[in-house]
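Encoded as structure tokens, the structure appears first; notes follow it.
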Amino acid sequence: MARHLITSALPYINGIKHLGNMVGSMLPADVYSRYLRQRGHDVLYICATDEHGTPAELAAKEQGLPVDEFCAQAHDAQKAVYDGFALAFDYFGRSSSPQNVEITQHFARRLNENGFIEERAIRQVYSPADGRFLPDRYVEGTCPHCGYDKARGDQCENCTRVLDPTDLINPRSAISGSTDLEVRETKHLFLLQSKLQHEVEEWVSRHEADWPQLASSIARKWLNEGLHDRAITRDLDWGVPVPADTWPDLAAEGKVFYVWFDAPIEYIGATKEWSDLDPENRDWRSWWYEADDTVRYTEFMAKDNVPFHTVMFPATELGVREPWKKVDYVKAFNWLTYYGGKFSTSQKRGVFTDQALDILPADYWRYFLIANAPESDDSSFTWEHFTATVNKDLADTLGNFVNRVLSFSKKRFGEEVPQGSAAGEAEAKLGEQIAELLAEYEAQMEALQFRKAAAALRALWSAGNSYLEEKAPWLEIKTDKDGAALTLRTAMNLIHLYAVVSEPFIPASAKVMREAFALTDDTATWVSPEEAKALAAVPAGTAFTVPPVLFAKLTDDDLAAYKERFGGEPAQ
């Protein structure tokens with residue numbers, strides 16, 4: 001089986017993330033990782049908090065904490081939420097780790113040795129009111145391209161254009177709000193991306209046909225506009241220090257590497273963090289160094305992160321002139337909006353991940369988000385759509401099937417799976433249908449088409465309901481008790497099948513379904529379409545219990561309460 005390296009874009013340390021962040025990177029990566037593990041592959045799923053940069057310093061200052069203490073607390077808070085969503089990271093690290101410092105500085109030295117880093121004097125915004133140079137995110141103003149008045153000095157969140165602080169109209173300090181800004185000369189390190197343009201183009205050309213159109217089009221757009229040399233250091237107190245053995249003057253001035261230089265390197269750094277916990281049994285280099293022929297690397301991210309992962313980080317890796325593993329497949333997502341508008345904490349708009357878990361268990365959110373993932377276009381979260389999906393797919397189609405089959409069988413046949421008559425034509429037809437639907441589900445998961453995979457999974461659940469309605473054991477038992485027993489035994493085997501193959505989407509509920517049956521040797525991690533035809537994993541005589549209701553139906557009162565708490569009107 002293949003070795004699969006999987007990473008999702010690093011969530012920034014500043015604040016709990018909203019549902020759009022979850023569905024745009026970490027959740028689909030988790031679903032895919034779980035699926036691959038069930039199919040027997042060797043999987044390493046790595047993520048981390050992205051802890052450097054201006055917002056971390058500003059947030060720490062706002063809370064009156066040293067920035068390292070703020071980041072440690074925020075990391076633990078985020079990790080608790082991700083545990084609540086059952087994200088099965090192999091390791092969830094921190095970009096401020098000593099391992100990332102070591103590898104980032106190594107990359108910088110190698111780029112310098114190879115002629116891809118240059119020290120340049122530049123003119124940079126200085127704030128007399130703050131007594132310091134202002135890094136790009138410390139400067140806010142109006143975007144010259146789209147007119148958005150809260151653009152940052154590195155990028156406009158509205159139109160996603162990359163900016164320099166001096167590009168902004170009516171700039172102001174993000175620290176003090178002062179508009180009394182000056183431009184002074186200082187020195188920084190530049191990554192000479194222009195010298196790597198052709199190499200990056202050749203590398204992208206070898207991969208873009210296999211990537212989703214969203215990822216390849218963004219990468220191609222950046223390349224067509226031309227790669228520019230880019231400053232990779234900043235005047236901050238918190239970050240990976242410029243190594244004094246290579247740049248003593250800049251190190252003495254306290255320069256640190258730009259967060260977007262060290263953040264992608266943290267994928268490697270976090271793998272080393274994981275490896276260092278058990279060095280005798282874990283080899284981080286085998287996943288990242290000279291691994292092109294042995295590892296398939298898949299990255300998950302929202303579209304705003306695509307340029308950095310398809311152009312900038314590959315340029316860094318190419319310039320190092322060492323055989324570091326580069327991404328094979330970039331799974332990019334569009335935005336999840338809230339009633340067509342942006343999620344906003346200050347405006348009480350949208351659902352954040354900690355709030356979501358306060359309302360309902362993780363499986364409700366996991367299923368809904370993946371079934372409506374913004375793959376081909378932006379998608380809009382509405383409470384109406386959420387409640388309708390939960391009620392139809394989870395409560396009625398799956399949950400009700402499980403409950404009525406087990407409850408009815410217990411009532412009429414006791415607490416063991418009934419024997420009944422031999423499988424007949426209806427069961428053979430069902431087995432063929434299940435095998436076909438399961439093959440479709442596998443194909444869509446292999447293709448990383450999550451909405452289509454969810455539709456195939458839903459069709460599997462629906463097939464059980466159709467079979468049950470056709471056989472109607474509540475009527476059948478009046479004239480053919482053995483026939484009704486067969487129907488229920490077959491339906492129980494469907495429940496077990498659903499438990500196995502639904503695990504990537506709804507792991508907690510899948511566990512409950514599987515544990516309903518007291519099987520002595522239930523070690524199967526997957527069921528092939530051919531195996532599924534038999535529907536015989538749960539033999540007659542197996543003890544079972546009726547689990548609690550898997551999914552509660554959401555009421556009109558629930559819907560009204562959600563909208564009152566979070567807002568629910570279309571964006572103006």
Side-chain angles (χ1 to χ4, degrees), residues 38 396-439 441-442 457-503 506-551:
Q38 286 187 262
D396 289 344
T397 303
L398 178 61
N400 187 47
F401 177 79
V402 172
N403 184 263
R404 65 176 173 162
V405 167
L406 296 180
S407 296
F408 184 74
S409 188
K410 178 181 178 180
K411 180 179 179 181
R412 303 307 297 263
F413 293 99
E415 296 180 349
E416 292 183 352
V417 177
Q419 175 67 55
S421 53
E425 183 178 340
E427 287 69 40
K429 178 183 175 183
L430 175 66
E432 293 291 338
Q433 182 186 15
I434 292 296
E436 182 178 329
L437 291 171
L438 182 55
Y441 177 54
E442 289 180 352
L457 181 61
R458 183 167 56 246
L460 274 167
W461 299 342
S462 296
N465 284 276
S466 297
Y467 169 75
L468 205 63
E469 291 299 321
E470 178 186 342
K471 294 294 294 288
W474 49 90
L475 299 177
E476 196 177 19
I477 198 168
K478 297 177 181 178
T479 57
D480 183 0
K481 188 172 183 180
D482 283 344
L486 164 65
T487 300
L488 292 169
R489 189 182 82 239
T490 302
M492 289 186 192
N493 273 279
L494 280 175
I495 292 171
H496 186 270
L497 172 71
Y498 295 162
V500 175
V501 303
S502 303
E503 193 266 348
I506 47 172
S509 304
K511 186 172 185 287
V512 170
M513 285 189 282
R514 195 158 181 167
E515 291 179 347
F517 303 101
L519 292 168
T520 56
D521 189 27
D522 189 11
T523 59
T525 59
W526 194 252
V527 182
S528 71
E530 193 60 34
E531 292 170 334
K533 287 182 182 180
L535 293 171
V538 183
T542 301
F544 72 89
T545 57
V546 181
V549 173
L550 288 178
F551 299 99

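Only heavy atoms go into these numbers, but all of them, side chains included; no hydrogens, no water, no symmetry mates. Everything quoted here is computed from the prediction, not taken from an experiment.
Expressed to the nearest 0.5 Å, how far CG of L535 lies from CE of M492 amounts to 13.5 Å. With rounding to the nearest 0.5 angstrom, the OH atom of Y498 is 8.0 Å from the CG atom of L398. Distance check, rounded to the nearest 0.5 Å: CD1 of I434 to CG of L497 gives 6.5 Å. I477 CD1 to D482 CG: the interatomic distance, rounded to the nearest 0.5 Å, is 10.0 Å. To the nearest 0.5 Å, the span separating CG on D480 from CG on L475 amounts to 12.0 Å. Separation of atoms CG (L460) and CG (L438) is listed at 6.0 Å; rounding is to 0.5 Å.
A donor-acceptor distance shorter than 3.5 angstrom exists from the side chain of N465 to the backbone of T397, with no hydrogens or angles considered. With hydrogens and angles ignored, the 3.5 Å screen pairs a side-chain donor or acceptor of T542 with a backbone N or O of P539.
Residues passing the salt bridge (Lys or Arg N to Asp or Glu O under 4.0 Å) test with D522, sequence neighbours excluded: R514. Qualifying salt bridge (Lys or Arg N to Asp or Glu O under 4.0 Å) partners for E531, counting only residues two or more places apart in sequence or in other chains: none. For Y441, the ring-ring contact (aromatic ring centres under 6.0 Å, His included) criterion is met by no residue, not counting sequence neighbours. Judged as a salt bridge (Lys or Arg N to Asp or Glu O under 4.0 Å), and not counting sequence neighbours, the contacts of K511 are E515.
A pairwise comparison of heavy atoms in L468 and A491 identifies CD1-CB, 4.3 Å as the closest pair. Shown here for A485 and G420, the closest heavy-atom pair between the two residues is CB-CA, 3.5 Å. Nearest heavy-atom pair across A540 and P418 is CB-O, 3.7 Å. For the pair P547 and V512, the tightest heavy-atom approach, listed with the atom from each and the gap, is CB-CG1, 3.5 Å. Between L437 and A459, the closest heavy-atom pair is CD1-O, 3.5 Å. Of all heavy-atom pairs spanning L457 and S502, the tightest one is CD1-OG, 3.5 Å.
Summarising the local packing, CD of E442 is surrounded by more than 12 heavy atoms from other residues, nucleotides or ligands at distances under 6.0 Å.
A salt bridge between E427 and R489 is absent, with no side-chain N of the basic residue lying under 4.0 Å from a carboxylate O of the acidic one.
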Between V500 and Q38, does the side-chain contact (heavy atoms from CB on, under 4.5 Å) criterion hold? Intermediate values first, please. CA-CA 9 Å; V500 175; Q38 286 187 262; 4.0 Å; yes
List the steps and the verdict of side-chain contact (heavy atoms from CB on, under 4.5 Å) for V405 and L494. CA-CA 10 Å; V405 167; L494 280 175; over 6 Å; no
One pair to check against side-chain contact (heavy atoms from CB on, under 4.5 Å): V402 and W461. What are the steps and the verdict? CA-CA 10 Å; V402 172; W461 299 342; over 6 Å; no
How far apart are the C-alpha atoms of I506 and L550, what are their side-chain angles, what is the distance that settles it, and do they pass the side-chain contact (heavy atoms from CB on, under 4.5 Å) test? CA-CA 11 Å; I506 47 172; L550 288 178; over 6 Å; no
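At a threshold of 4.5 Å between non-hydrogen side-chain atoms, the residues T490 and K471 do not count as touching. The closest side-chain heavy-atom distance from E503 to T525 is not below 4.5 Å. Annotation: side chain of Y467 is not in contact with side chain of Q433 (no heavy-atom distance under 4.5 Å).
Under the side-chain hydrogen bond (donor to acceptor under 3.5 Å, both in side chains) criterion, no residue pair touches residues 408-419, with sequence neighbours excluded. Screening residues 507-532 for ring pair (Phe, Tyr, Trp, His ring centres under 6.0 Å), with sequence neighbours left out, gives Y35-W526.
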